[in-house]
Amino acid sequence: MKLKNEFITHMDDETQIMIDVSAKFSGLIRSNKTAAEIVDYLKEDTTEAEIVSKMFEKYDAPESVIAADVSSIVAKLRSIGALDE
């Protein structure tokens, strides 16, 4: 899965802003730093498991918590049509 090219991101301090330049999704998405990191991983073709693995290596958190967070963000991105799968 990968973030569609129509979705562009901009990081401003601790907040990432993502917009759809194709105008199929009308809205603005704000993400915290953790969600922004997940979105950044999705700029390359990857899987949820690969994202969880990378974040688990980086953060001192239970893998189940990381997996739940990644799953939640991916589900939200799917719901707005932001992912190519």
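Reckoned from all heavy atoms, side chains included, excluding hydrogens, waters and symmetry mates.
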- request: Evaluate whether atom CG of N32 has more than 12 neighbouring non-hydrogen atoms of other residues, nucleotides or ligands under 6.0 angstrom away.
  value: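 Yes - once you tally the heavy atoms of other residues, nucleotides and ligands closer than 6.0 Å, there are more than 12.
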
E85 atom CD: more than 12 heavy-atom contacts under 6.0 Å: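 Yes.
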
- prompt: Are Y59 and V39 linked, directly or through other ILVMFWY residues, by side chains that come within less than 4.5 angstrom of each other?
  reply: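 Result: yes, single cluster for both.
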
message: For residues I17 and I8: do they belong to one hydrophobic cluster (side chain heavy atoms under 4.5 Å, members Ile, Leu, Val, Met, Phe, Trp, Tyr)?
response: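 Shared cluster, yes.
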
task: Report yes or no: does D20 contribute a side-chain atom to a donor-acceptor pair with the main-chain N or O of F7 at less than 3.5 Å?
output: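 No; judged by distance alone, with no hydrogens or angles, the pair does not exist.
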
- prompt: So, S72 side chain and D69 main chain: donor-acceptor pair closer than 3.5 Å or not?
  reply: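 No, S72 side chain to D69 backbone: no donor-acceptor pair under 3.5 Å.
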
Considering non-hydrogen atoms only, spot the tightest contact between [X] and [Y] and give its length.
{"X": "A36", "Y": "S31", "value": "N-CB, 3.9 Å"}
{"X": "T46", "Y": "E50", "value": "OG1-OE1, 2.8 Å"}
{"X": "I66", "Y": "A61", "value": "CD1-O, 3.8 Å"}

- prompt: Can a donor-acceptor pair be found between the side chains of K43 and T9 at a distance below 3.5 Å?
  reply: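 The criterion, which ignores hydrogens and geometry beyond distance, is satisfied for T9 and K43.
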
Working to the nearest 0.5 Å, report the span between [atom1] of [X] and [atom2] of [Y].
{"X": "M1", "Y": "D84", "atom1": "CE", "atom2": "CG", "answer": "11.5 Å"}
{"X": "E57", "Y": "E63", "atom1": "CD", "atom2": "CD", "answer": "10.0 Å"}
{"X": "K76", "Y": "I38", "atom1": "NZ", "atom2": "CD1", "answer": "10.0 Å"}
{"X": "K2", "Y": "L77", "atom1": "NZ", "atom2": "CG", "answer": "14.5 Å"}

query: Out of Q16, K58, K54, which residue meets the side-chain hydrogen bond (donor to acceptor under 3.5 Å, both in side chains) rule with E37?
result: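 Answer to the side-chain hydrogen bond (donor to acceptor under 3.5 Å, both in side chains) test with E37 among Q16, K58, K54: K58.
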
- prompt: Do the side chains of L3 and M18 get nearer than 4.5 Å, heavy atoms only?
  reply: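 A side-chain contact under 4.5 Å exists here.
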
Electrostatic pair E48:R78 at N-O distance under 4.0 angstrom: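 Result for this pair is yes, salt bridge flagged.
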
